[in-house]
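Worksheet: one structure, shown below.
The shown structure was predicted, so the numbers you read here are calculated from the model rather than taken from an experiment. In what follows, residues are counted from 1 in the order of the sequence shown. Scope of the values below: all heavy atoms of this structure, side chains included, with no hydrogens, waters or symmetry mates.
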Amino acid sequence: MYCIILMEKSPRKFHAAKNLYINKRSASFDTGIFPQEAGLHEDIFICLDSFRSIVHTVTKDSNMLEAWLLFFSAADAETVNKLIREFPEFIPLYQELLEFMRNPEELMMMSSEELNMMDRNTERLMVEELQEEVAAIKAERDRMAIRADNAELKLREVLTYAFEHGYPGGELQ
């Protein structure tokens, strides 16, 4: 699982690594399973401010990663024009962004729909977790009932034996 974090203004610590704008953090288990296995869970921090200080413009030698990072961080028309000249596949994305700027209500509706979907998914997850909890509690209750029944049978056996052999207190109840 990957979590990619784009930071427009990254914390000072990220600037200590000169000429690096991508920082990765991997998770591992203390039990030794999946030791540092790539992709199990990895956080990727992309510092757009560091990227802009290293890569100022797009060229014919720019790769797709640099193009995407320029797309995310471009703040002036000249950079955008250079980007779409070298990477015309970004033209529809910029057109869509312009449309959202002209009609922000549509963007708000989309955001609202996404939030509603997230709420429904969170609700479903919580219900599933509660159902699992209830099932676990019922299973534990059933195990305890069986143990109680077994203890009662054992007690009856002991009391019956005590009564049959005349031990004091061996009266059956």
Side-chain angles (χ1 to χ4, degrees), residues 1-140:
M1 174 172 58
Y2 293 96
C3 178
I4 300 172
I5 299 103
L6 295 171
M7 296 183 289
E8 187 175 1
K9 293 180 182 171
S10 55
R12 193 171 294 153
K13 279 195 170 209
F14 285 102
H15 297 276
K18 296 287 183 212
N19 294 328
L20 294 175
Y21 50 87
I22 298 177
N23 301 275
K24 297 177 182 175
R25 176 176 60 188
S26 294
S28 64
F29 290 88
D30 60 352
T31 57
I33 60 172
F34 306 113
Q36 296 297 326
E37 188 166 313
L40 184 61
H41 179 83
E42 198 168 325
D43 294 323
I44 302 169
F45 298 89
I46 300 176
C47 307
L48 294 175
D49 53 349
S50 295
F51 170 76
R52 281 190 306 270
S53 71
I54 298 166
V55 179
H56 298 289
T57 188
V58 67
T59 67
K60 291 182 195 267
D61 297 327
S62 297
N63 61 37
M64 202 60 185
L65 173 62
E66 291 171 335
W68 273 106
L69 295 180
L70 277 168
F71 172 76
F72 288 130
S73 64
D76 60 281
E78 183 181 336
T79 304
V80 171
N81 284 332
K82 286 179 183 176
L83 178 61
I84 61 175
R85 253 185 271 127
E86 295 299 326
F87 294 89
E89 55 264 41
F90 285 99
I91 292 172
L93 297 173
Y94 278 112
Q95 288 172 334
E96 196 167 334
L97 286 173
L98 286 172
E99 187 58 38
F100 284 137
M101 290 172 67
R102 287 187 197 121
N103 187 6
E105 292 82 20
E106 184 179 342
L107 182 61
M108 294 303 290
M109 267 183 39
M110 287 174 57
S111 296
S112 181
E113 289 172 17
E114 292 298 319
L115 288 172
N116 285 335
M117 189 183 310
M118 285 173 44
D119 285 345
R120 284 191 303 274
N121 290 341
T122 302
E123 196 175 290
R124 284 185 193 123
L125 179 64
M126 290 174 65
V127 167
E128 287 172 9
E129 287 174 352
L130 286 173
Q131 287 172 338
E132 289 172 8
E133 243 181 87
V134 166
I137 290 169
K138 285 181 179 179
E140 181 64 21

Practice prompt. Decide salt bridge (charged side-chain N to carboxylate O under 4.0 Å, His left out) for R124 and E128; before the verdict, give the C-alpha distance in whole Å, the side-chain angles of both, and the deciding distance to 0.1 Å.
Written response: CA-CA 6 Å; R124 284 185 193 123; E128 287 172 9; over 6 Å; no
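With sequence neighbours excluded, no residue forms a salt bridge (Lys or Arg N to Asp or Glu O under 4.0 Å) with E132. In this structure, the ring pair (Phe, Tyr, Trp, His ring centres under 6.0 Å) partners of Y21, at least two apart in sequence or on a different chain, are F51. The salt bridge (Lys or Arg N to Asp or Glu O under 4.0 Å) test applied to E129 returns no partner, not counting sequence neighbours. Residues that satisfy the side-chain hydrogen bond (donor to acceptor under 3.5 Å, both in side chains) test with N81, not counting sequence neighbours, are absent from this structure. In terms of the side-chain contact (heavy atoms from CB on, under 4.5 Å) criterion, residue partners of I4 (sequence neighbours excluded) are, by chain and number, I44, I46. For the side-chain hydrogen bond (donor to acceptor under 3.5 Å, both in side chains) test, residues two or more places apart in sequence or in another chain that qualify with R25 are D43.
Among all heavy-atom pairs drawn from L69 and L48, the shortest one is CD2-CD2, 3.9 Å. Residue K24 comes nearest to E42 through the heavy atom pair CD-OE2, 3.2 Å, listed as atom of the first residue, atom of the second, then distance. Between V80 and A74 the shortest heavy-atom distance is CG2-CB, 3.9 Å.
No more than 12 heavy-atom neighbours from other residues, nucleotides or ligands sit within 6.0 angstrom of CD on E78. In the displayed structure, M64 atom CE is contacted under 6.0 Å by more than 12 heavy atoms of other residues, nucleotides or ligands.
Taking CG of L125 as the reference point, atom CG of L130 lies at 9.5 Å (rounded to 0.5 Å). From N63, atom CG reaches atom CH2 of W68 across 13.5 Å, with rounding to the nearest 0.5 Å. Rounding to the nearest 0.5 Å places CE of M7 at 6.5 Å from CG of N23. Between the CG atom of L93 and the CG atom of L98 there is a distance of 11.0 Å, given to the nearest 0.5 Å.
The main-chain N or O of S10 is found under 3.5 Å from a side-chain atom of D49 such that the two form a donor-acceptor pair.
Ring-plane geometry between F71 and Y94 is classed as perpendicular, the angle between the planes exceeding 60 degrees on a 0 to 90 degree scale with a lower cut at 30.
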